[in-house]
Amino acid sequence: MKMLAIDTSTHVLGIALADEQKILGEYTTNIRKNHSIRLMPAVESLMKESGTAPGDLEAIAVTTGPGSYTGVRIGVTTAKSMAWALNIPLYPVSTLQMFAQNGLGFPGLVSPLIDARRNQVYTAAFSGETTKNIVERQADDQIILLSEWLGMLDQRQENVLFVGEDTDTRRPLIQEQLGSRAVFADWAEQTPRPAEIIRVARTIGEPREAHAVVPEYAQLAEAEKNWQKAQSGRSE
């Protein structure tokens with residue numbers, strides 16, 4: 001199966017193209033530039049370089065969040081449009097699962113962290129040691145105060161590998177609460193690989209029609225919260 005993967009859920013832009021078990025190409029940038037302008041040119045370039053025509057694609061996989069609201073929307077909308085136009089299945093993949101793949105083989109829990117502002121993080125827990133080629137989920141994707149999440153992890157009494165660039169600024173608090181059981185991924189392992197989206201999609205993914213895939217924000221956008229609050233006030 002020839003599959004294209006797309007990730008724009010953080011400021012990292014990643015795309016990958018694979019045919020069966022072979023990675024034909026992978027493109028990742030870790031710079032703060034507009035995904036909406038750069039995504040399709042990157043896709044077109046990768047497909048051209050690999051000699052892949054749009055009609056050759058048999059499936060698309062995309063990260064659906066949680067993460068940046070705008071970033072998630074860009075990736076999901078682009079993937080849905082392509083899948084619909086080509087009449088091929090679309091595989092939704094958790095952004096946190098993609099990040100956690102960098103901890104595959106770790107003897108303990110893997111906890112990816114994405115900043116959610118106001119001392120909160122998007123996170124989940126996965127088992128790094130597994131007989132499969134993907135980390136196994138131990139806790140659902142969620143938004144939570146970091147201090148509360150660390151307290152929950154502390155109760156597990158396991159070593160925890162923290163993955164993601166947003167761990168650096170939180171290292172003092174993490175070490176304070178977990179001590180020597182807190183492990184931090186090497187700098188080269190903090191950035192997710194889009195090829196892992198394809199691995200996850202092929203291993204545990206469920207193909208869906210394009211219209212059935214939606215962003216997974218884990219919380220309402222600030223504008224939507226304010227709108228609902230205003231509407232509630234009017235009804236009182």
Side-chain angles (χ1 to χ4, degrees), residues 1-20 24-28 34-48 50 52-101 112 114 116 122 124 134 137 140-143 192-228 231:
M1 178 190 295
K2 187 165 285 189
M3 180 181 289
L4 174 72
I6 294 174
D7 171 48
T8 59
S9 50
T10 64
H11 59 263
V12 174
L13 168 64
I15 56 175
L17 183 64
D19 186 358
E20 299 304 330
L24 300 178
E26 192 172 17
Y27 174 86
T28 303
N34 195 323
H35 291 330
S36 63
I37 297 174
R38 302 171 58 242
L39 175 57
M40 280 312 299
V43 170
E44 291 171 2
S45 177
L46 181 59
M47 292 182 64
K48 181 179 179 180
S50 64
T52 302
D56 295 334
L57 293 178
E58 299 171 84
I60 297 175
V62 63
T63 49
T64 54
S68 160
Y69 293 114
T70 301
V72 170
R73 285 196 298 270
I74 290 170
V76 170
T77 300
T78 300
K80 290 178 66 169
S81 299
M82 292 182 66
W84 178 82
L86 297 171
N87 193 29
I88 56 178
L90 183 59
Y91 287 77
V93 172
S94 161
T95 299
L96 293 168
Q97 173 98 45
M98 172 192 63
F99 267 94
Q101 282 296 113
I114 300 175
Y122 297 115
I134 61 169
R137 184 176 289 279
D140 292 337
D141 293 358
Q142 57 193 286
I143 180 172
R193 288 193 59 197
E196 294 295 343
I197 304 171
I198 295 177
R199 195 204 304 244
V200 172
R202 286 179 171 175
T203 305
I204 61 171
E206 297 182 2
R208 300 183 187 176
E209 294 182 354
H211 73 273
V213 175
V214 296
E216 301 294 341
Y217 294 127
Q219 68 171 350
L220 295 176
E222 193 69 24
E224 190 171 355
K225 288 181 181 178
N226 292 337
W227 183 85
Q228 290 190 359
Q231 296 306 305

Given side chains that start at C-beta, do those of [X] and [Y] come closer than 4.5 Å, heavy atoms only?
X: Arg137; Y: Gln97; answer: yes
X: Glu216; Y: Asp141; answer: no
X: Tyr91; Y: Pro207; answer: yes
X: Pro194; Y: Ile15; answer: no
X: Val76; Y: Val214; answer: no

Can you tell me how far [atom2] of [Y] sits from [atom1] of [X], rounded to the nearest 0.5 angstrom?
X: Ile88; Y: Met82; atom1: CD1; atom2: CE; result: 7.0 Å
X: Leu4; Y: Ile6; atom1: CG; atom2: CD1; result: 4.5 Å
X: Arg38; Y: Tyr27; atom1: CZ; atom2: OH; result: 4.5 Å
X: Leu96; Y: Ile114; atom1: CG; atom2: CD1; result: 4.5 Å
X: Leu17; Y: Leu24; atom1: CG; atom2: CG; result: 4.5 Å
X: Tyr122; Y: Ser94; atom1: OH; atom2: OG; result: 12.5 Å

Nearest heavy-atom neighbours spanning [X] and [Y]:
X: Leu86; Y: Gly55; answer: CD2-N, 4.4 Å
X: Pro92; Y: Val213; answer: CB-CG1, 4.1 Å
X: Gly75; Y: Val62; answer: O-CG2, 3.6 Å
X: Lys80; Y: Ala210; answer: CE-O, 3.0 Å
X: Ile143; Y: Ala218; answer: CG2-O, 3.5 Å
X: Ala5; Y: Ile198; answer: CB-CG1, 3.5 Å

Does any N or O in the side chain of [X] come within less than 3.5 Å of the main-chain N or O of [Y], such that one atom is a donor and the other an acceptor?
X: Glu26; Y: Ala16; result: no
X: Ser50; Y: Met47; result: yes
X: Ser45; Y: Pro41; result: no

>> Within the supplied structure, the quantity of interest is the number of heavy atoms (other residues, nucleotides, ligands) at a distance under 6.0 Å from Glu209 CD; does it exceed 12?
In response: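 At most 12 heavy atoms, drawn from other residues, nucleotides or ligands, come within 6.0 Å of this atom.
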> Can you tell which of Val12, Val72, Thr8 makes a side chain to side chain contact (heavy atoms under 4.5 Å, CB included) with His35?
Replying inline: Thr8
>> Working note: Leu90 + Arg208, criterion side chain to side chain contact (heavy atoms under 4.5 Å, CB included); need CA distance, chi angles, decisive distance, verdict.
In response: CA-CA 5 Å; Leu90 183 59; Arg208 300 183 187 176; 5.6 Å; no
